[in-house]
Amino acid sequence: MKMVAIIGGGISGMTAGVLLQKAGFKTEIYEKNALPGGQCTGWKREGYFIDNCIHWLTGTRAGSALNELWKEIGALGEEVELYEKEMFFSSKLNGQVLTFWRDKERTRREMLALSPEDEKEINKLMKYVSMAETMTVPVEKPFDAMNPIDFIKLGKSMKAMGKVMKEYGNMDINELAMRFKHPLIRRAIIDYMPRGYQAYAFLVSYGTVTGGNGDIPKGGSLAMSLRIAEKYKEYGGVIHTNASVKTIILNGKKAEGILLENGKKAEADYIVCACDMDYTFRKLLPEKYMPKGLKKMYVNREKYLVSSGFQIAYAVNGVFSELTGTRVFSCSEMIVGMQKVQSMSVQSYDYEPDFAPEGKMILQTNFSQSEDDYKYWESLYMDKETYNIRKQEIAKQAMERIIDEYPFLAGKIHVIDVWSPMTYTRYCNSYKGAYMSFVTTKQAKSITVPGIVKGIDNVMLASQWLMGPGGLPTAAAMGKFAAWRIINRKDR
Ligand SMILES: Cc1cc2nc3c(=O)[nH]c(=O)nc-3n(C[C@H](O)[C@H](O)[C@H](O)COP(=O)(O)OP(=O)(O)OC[C@H]3O[C@@H](n4cnc5c(N)ncnc54)[C@H](O)[C@@H]3O)c2cc1C
């Protein structure tokens, strides 16, 4: 039986693992952390559960290949209840509030009441959001293995999406916002995504929610990761936790196995690199093997942007319906990383009462951070004490601003955890602290990279970094493609 060593027990690695086990391979996953899941995770603080990934899971609507994949690997299933988000998010400016509801018609009416002079653009936006609901992540087989018929089928299934791209594919989020006259509509659109994102990403994200294809599995991110790990083990897979891989052992054009940080070696017929791609080609394999497409993006730092977050979790004594959903509001200026910010968000997890003790709730804030911010945190991290002090200062300032916005929280809220882009590098070896892949911008459409390593025959790649802008469906798709390549090898 052929042996596959999988480096990284995130969604990509575990997806590859489940599918390879099913196909009759013997596989073992080596994960540096104590738990599988990678970035799809959560943790406890002071009796509260901090869920740190799924805002929406694309592929919850039955009938798509992606939905089938989620079920096949155990992420979703009959027994997994889904929480249907009622609102995408709301934005507030000068006392006025605009909410992007799951119900598009409700959003349309709210926008029209707010700004009748934007009627044409509002109706157009909503029409195109309906079209964007058809967007899916193709997961059947690697794109380079698709034949003309596969492409025709894919084109047909996403015909409406083609129209969205024609209308909004060549503008960024700021340009989309500027199509509207009303300042709150402009602000709401800009509020949601990091600067530079392409406009269509907003339509696709919102369309995922309105189309019922972006619900949240009950139990949250860590529970989903653990379900996949369980499925993997059911098929006979083995997960080694606290098992950081130091390098891949090469012999000419073949990889022979892996060497762990603890000095142990493991032989393998195939290796799947399912950890960060920059890390892979700096630490695990010689850099010369990095695929050209990836290299282009990593080298071109001005064009291929990445983003991360500075995040804070707060415990709230009480349950307040005014805080339901994700709410963005203006605040007095403060500095986070290298950026001056004048607006912030709070997200409530009240849809999961078990995430907080009875009669209490948990809130989170996420300030988007750029690569420059990452450099700031990276250099501060060298002096841990200063780093921790700065994190706490920002958390305190953010909490004061939340109380300014929601005065009823005075004396009822406190900070329970703070984490920065550096946390992602420390926890997952993530490039520049990013938890998604390269941002697809107008100037730089991200390059889809085949998961093979030219020059080393038996090493496959599986990671969200192979296709921008990343995310859970991409991670799962890339894991599936790595498994597909091994299963369909001619020399098997
Ligand atoms: C705050 C936040 C919100 C998000 N929201 C969403 C969302 O709403 N929807 C969505 O689709 N996506 C979301 N994402 C993104 C999603 O979490 C990622 O796209 C996905 O989890 C990436 O999976 P991966 O397997 O490619 O990488 P990773 O999760 O990074 O997995 C790689 C694994 O490799 C391990 N590893 C690294 N180096 C080594 C080594 N040397 N040896 C052994 N193991 C190693 C790491 O510990 C990790 O477990 C969010 C992420 C975050 C952090």
Side-chain angles (χ1 to χ4, degrees), residues 5-17 28-42 50-60 66 70 75 85 88 137 205 208-209 213-217 220-222 224-225 228-229 239-248 258-262 271-280 282-285 307-311 313 326 347 364-369 419 421 423-431 433-437 451 461-479 482:
I6 300 173
I7 307 171
I11 300 301
S12 293
M14 291 197 290
T15 304
E28 297 196 9
I29 292 178
Y30 295 84
E31 165 55 49
K32 80 183 257 294
N33 291 319
L35 282 176
Q39 289 167 348
C40 187
T41 196
I50 300 172
D51 191 26
N52 196 42
C53 178
I54 304 175
H55 296 90
W56 70 86
L57 179 70
T58 303
T60 51
L66 178 58
W70 287 133
K85 271 165 95 88
F88 185 39
V137 180
S205 306
T208 306
V209 173
N213 196 27
D215 294 333
I216 302 180
S221 313
L222 178 61
M224 183 174 101
S225 290
I228 303 174
I239 305 186
H240 302 272
T241 49
N242 298 314
S244 185
V245 176
K246 188 172 183 190
T247 191
I248 294 174
I258 54 172
L259 172 67
L260 276 80
E261 292 285 358
N262 64 14
I271 291 167
V272 175
C273 292
C275 56
D276 183 272
M277 288 293 106
D278 166 70
Y279 183 86
T280 298
R282 266 188 312 107
K283 302 274 185 182
L284 304 180
L285 285 170
S307 83
S308 183
F310 182 89
Q311 294 164 264
T326 301
Q347 184 183 357
Q364 281 194 40
T365 293
N366 188 342
F367 292 101
S368 171
Q369 297 280 270
W419 57 111
T423 310
Y424 294 102
T425 300
R426 191 177 50 73
Y427 189 66
C428 283
N429 287 330
S430 304
Y431 176 68
Y435 52 73
M436 298 280 288
S437 171
L461 307 173
S463 160
Q464 62 162 341
W465 285 96
L466 299 178
M467 189 171 84
L472 294 163
T474 305
M478 297 304 134

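Since the model is a prediction, treat every value here as computed from it, not as a measurement. When a ligand or atom number is given, it counts from 1 through the structure's own listing order. Sequential numbering from 1 along the given sequence is applied to the chain's residues.
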Test your reading of the structure: does [X] have an N or O sitting under 3.5 Å from an N or O of ligand 1?
X: G13; value: no
X: V245; value: yes
X: K32; value: yes
X: S430; value: no
X: C53; value: yes
X: N52; value: no
X: I54; value: no
X: N366; value: no

[X], portion touching ligand 1 at heavy-atom distance under 4.0 Å:
X: M478; value: neither
X: N33; value: side chain
X: Q311; value: side chain
X: A243; value: backbone

Between the candidates [options], which shows the shortest non-hydrogen contact distance to [atom]?
atom: atom 10 (C) of ligand 1; options: I258, T208, L472; result: L472
atom: atom 53 (C) of ligand 1; options: Y279, W419, Y431, Y435; result: Y435
atom: atom 32 (C) of ligand 1; options: C428, G8, A274; result: A274

Which atoms of ligand 1 sit under 4.0 Å from any heavy atom of [X]?
X: G38; value: 29 (O), 48 (C), 49 (O)
X: S463; value: 26 (O)
X: M436; value: 14 (N), 15 (C)
X: C275; value: 32 (C), 34 (O), 36 (N), 37 (C), 38 (N)
X: Y424; value: 1 (C), 53 (C)
X: W56; value: 7 (C), 8 (O), 9 (N)
X: G10; value: 25 (O), 31 (O), 33 (C), 49 (O)
X: P473; value: 11 (O)

field: Partner of L222 under side chain to side chain contact (heavy atoms under 4.5 Å, CB included), chosen from I50, L35, I54
entry: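 Among I50, L35, I54, the one meeting side chain to side chain contact (heavy atoms under 4.5 Å, CB included) with L222 is L35.
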Passing candidate, side chain to side chain contact (heavy atoms under 4.5 Å, CB included) with L66, options T58, N213, L472, T60: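 The single option meeting the side chain to side chain contact (heavy atoms under 4.5 Å, CB included) with L66 is T58.
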How many angstroms lie between atom [atom1] of [X] and atom [atom2] of [Y], to the nearest 0.5 angstrom?
X: W465; Y: T474; atom1: CH2; atom2: OG1; result: 12.0 Å
X: M14; Y: C40; atom1: CE; atom2: SG; result: 7.5 Å
X: E31; Y: N242; atom1: CD; atom2: CG; result: 8.5 Å
X: S244; Y: I258; atom1: OG; atom2: CD1; result: 10.0 Å

Protein heavy atom at shortest distance from [atom]:
atom: atom 8 (O) of ligand 1; result: H55 N, 2.7 Å
atom: atom 19 (O) of ligand 1; result: Q464 OE1, 2.7 Å
atom: atom 47 (O) of ligand 1; result: E31 OE2, 2.8 Å
atom: atom 39 (C) of ligand 1; result: N429 ND2, 3.7 Å
atom: atom 23 (O) of ligand 1; result: A475 CB, 3.5 Å
atom: atom 27 (O) of ligand 1; result: Q39 OE1, 4.6 Å

- prompt: Are any of the side-chain heavy atoms of M467 and V137 separated by less than 4.5 Å?
  reply: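 Yes, at least one pair of side-chain atoms sits under 4.5 Å.
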message: I'd like to know if the side chain of D276 pairs up with that of S430 as donor and acceptor (distance under 3.5 Å, no hydrogens or angles considered).
response: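 Side-chain D/A pair, D276 to S430: absent.
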message: With a 3.5 Å distance limit and no angle check, can you tell me whether D51 reaches the backbone of G42 through a side-chain donor-acceptor pair?
response: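 It does not hold such a pair.
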Any donor-acceptor N/O pair, S12 side chain to A475 backbone, under 3.5 Å: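 The answer is yes, because a donor-acceptor pair under 3.5 Å joins these two groups.
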- request: Report the C-alpha separation of C53 and T41 in whole Å, then their side-chain angles, then the decisive distance to 0.1 Å, and conclude whether the side chain to side chain contact (heavy atoms under 4.5 Å, CB included) test is met.
  value: CA-CA 6 Å; C53 178; T41 196; over 6 Å; no
task: Mind checking side-chain hydrogen bond (donor to acceptor under 3.5 Å, both in side chains) for Q311 and listing every partner two or more places apart, or none if nothing turns up?
output: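 side-chain hydrogen bond (donor to acceptor under 3.5 Å, both in side chains) check on Q311 returns N52, W419, Y424.
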message: For I7 and I248: C-alpha separation, side-chain torsions, deciding distance, then whether side chain to side chain contact (heavy atoms under 4.5 Å, CB included) applies.
response: CA-CA 10 Å; I7 307 171; I248 294 174; 3.9 Å; yes
query: So which heavy atom on S463 is nearest to which on M277, and how close?
result: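 Between these two residues, the closest heavy atoms are CB-CE, 3.7 Å.
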task: Write down the atom of K246, the atom of L284, and the distance for their closest heavy-atom approach.
output: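 Smallest heavy-atom distance, with atoms named: O-CD2, 3.5 Å.
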- prompt: How about atom 25 (O) of ligand 1: does it have a protein heavy atom within less than 4.0 Å?
  reply: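 Answer yes: something from the protein, a heavy atom, is under 4.0 Å.
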task: Apply side chain to side chain contact (heavy atoms under 4.5 Å, CB included) to S205 and F88, showing your working.
output: CA-CA 9 Å; S205 306; F88 185 39; 3.8 Å; yes
query: Can you list the residues that meet the ring pair (Phe, Tyr, Trp, His ring centres under 6.0 Å) rule with F310, with sequence neighbours excluded?
result: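 F310 satisfies ring pair (Phe, Tyr, Trp, His ring centres under 6.0 Å) with W377 only.
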